[in-house]
Amino acid sequence: MTQFAYFGPPGTFTEMALDKFLADASLLSALTGGTAGDIEKLPEKSPVATIEAVRSGRAEFACVPIESSLEGSVPATMDALVPDLRAVVPRVQVLAECNLDIAFTIAARPGTAAADVRTIAAYPVASAQVRDSIEHLFPGAEFVTATSNAAAAVDAADGRADAAVSTRLAAELSGLGVLADGVSDAADAVTRFLLVGRPSAPLPRTGADRSSVILELANEPGSLMSAMNEFACRGIDLTRIQSRPRRDLERGVTMPGQYRFFLDAVGHVDDDAIAEALRALHRRSERITFLGSWPMGGGGGTPPPDHDADAQWLARIRRGEG
């Protein structure tokens, strides 16, 4: 039995993303060595709890959202990816990603009319993606915070809100009727999801890969610019740069004015340019955490330059050839 944790409860977009990963037979075989056997899906209450299931050994893998095309990165997931030296598995590693087109279902208890809706349960990331649409469909309605998209459906079913911003699956599971479907403030909205596991050798380079690190830099002028230059001078395309406040998890204290930087780059650790940049960053950083190299779920970005010709030239020089 192979356990896959996901940000639940059942019916969330994250479960749909996990199902997309599980439907990829070649990915599943590569991750499990062809020994996945029966699959058990474990719903968790938050991205932090989902990744903690891998750290603690309760699950082999975890599926979490990382980035919305409308709202940007998911802070809870970013914080959960930071190594925790107190855990059985301090560091986790990203193994794969996928993108889901995101549009929401507005659901309510059977018999509820649109005019009756005054409160709408919604996960904060979801409410930010449908705010304009809700104002048009249900003028004057107010959002009530839910802990997930599926939990919003449960809140509506239990009467804590008149309606819910949710998924069609969660609405069906909670016995709700659909007031509106395919709701989104942007027709091309997508969310990127990660499949995370214990540290391991990255999947082989494909030529369309993403690598990610967390940097902790000295709190001195120019430290971030110098780190960014390690990528720029090697022609490496950065697709995401995010900062989060630093906390000392072991001591349970905050570190005011200090930040961690999360960087996504186009390329694989087996690309010479990426490897050179990582070596340089290891020298200049207080701490660098390698989050993994994996195939990109969609296009975008410029691959790093091919250094094979340079390496062959240097090899000839070392051999004393012309």
Side-chain angles (χ1 to χ4, degrees), residues 4-28 31 39 41-47 50-51 61-78 80-81 94-107 122-131 133-134 146-153 164-174 178 180-197 203 206 208-210 212 239-240 242 264 291-292 294-301:
F4 287 79
Y6 69 94
F7 175 29
T12 59
F13 285 115
T14 310
E15 184 183 19
M16 297 177 192
L18 175 57
D19 288 340
K20 190 172 180 178
F21 285 125
L22 295 177
D24 187 337
S26 60
L27 171 64
L28 203 58
L31 294 179
I39 299 298
K41 297 194 294 187
L42 306 176
E44 300 290 343
K45 63 183 180 180
S46 68
T50 305
I51 292 178
F61 305 100
C63 183
V64 288
I66 186 61
E67 186 177 28
S68 160
S69 62
L70 290 180
E71 288 299 297
S73 298
V74 180
T77 298
M78 294 169 64
L81 290 171
V94 180
L95 306 168
E97 69 173 49
C98 72
N99 293 323
L100 281 186
D101 295 330
I102 301 296
F104 297 88
T105 294
I106 312 303
Y123 185 53
V125 174
S127 62
Q129 297 182 63
V130 298
R131 192 172 302 277
S133 299
I134 292 298
T147 57
S148 72
N149 292 318
V165 178
S166 191
T167 67
R168 177 172 279 275
L169 175 59
E172 293 172 354
L173 291 173
S174 296
V178 175
D181 213 357
V183 177
S184 177
D185 289 349
D188 58 351
V190 298
T191 293
R192 184 161 63 99
F193 296 84
L194 302 179
L195 189 66
V196 176
L203 294 179
T206 68
D209 305 288
R210 193 189 315 275
S212 186
T239 58
R240 187 172 68 110
Q242 297 280 156
D264 286 356
L291 290 178
W294 62 91
M296 286 193 290

Would you tabulate the side-chain donor-acceptor contacts of residues 123-130 under 3.5 Å, counting partners in other chains and residues two or more places apart, or write 'none'?
residue, atom, partner, partner atom, Å
S127, OG, P124, O, 2.9
Q129, NE2, V125, O, 3.2

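- Across S133 and D185, no two heavy atoms sit closer than the pair OG-OD1, 2.7 Å.
- The two residues P9 and P43 come nearest to each other via the heavy atoms CA-CB, 4.2 Å.
- Annotation for L291 and L81: closest pair CD2-O, 4.0 Å, computed over non-hydrogen atoms.
- Tested against F13 for a ring pair (Phe, Tyr, Trp, His ring centres under 6.0 Å), the candidates Y6, F7, F104 yield a single pass: F104.
- Within the 3.5 Å criterion, the main-chain N or O of V190 finds a donor-acceptor partner in the side chain of S69.
- Under the 3.5 Å distance criterion, the side-chain polar atoms of E44 are left unmatched by any main-chain donor or acceptor of A5.
- Of all heavy-atom pairs between A150 and G11, the closest is CB-C, 4.2 Å.
- Under the 3.5 Å distance criterion, the side-chain polar atoms of T12 are matched with a main-chain donor or acceptor of E15.
- In this structure, K20 contributes its side chain and N99 its backbone to a donor-acceptor pair below 3.5 Å.
- With S73 contributing its side chain and E67 its backbone, the two residues share no donor-acceptor pair below 3.5 Å.
- Nearest heavy atoms, C63 versus T50: O-CG2, 3.6 Å.
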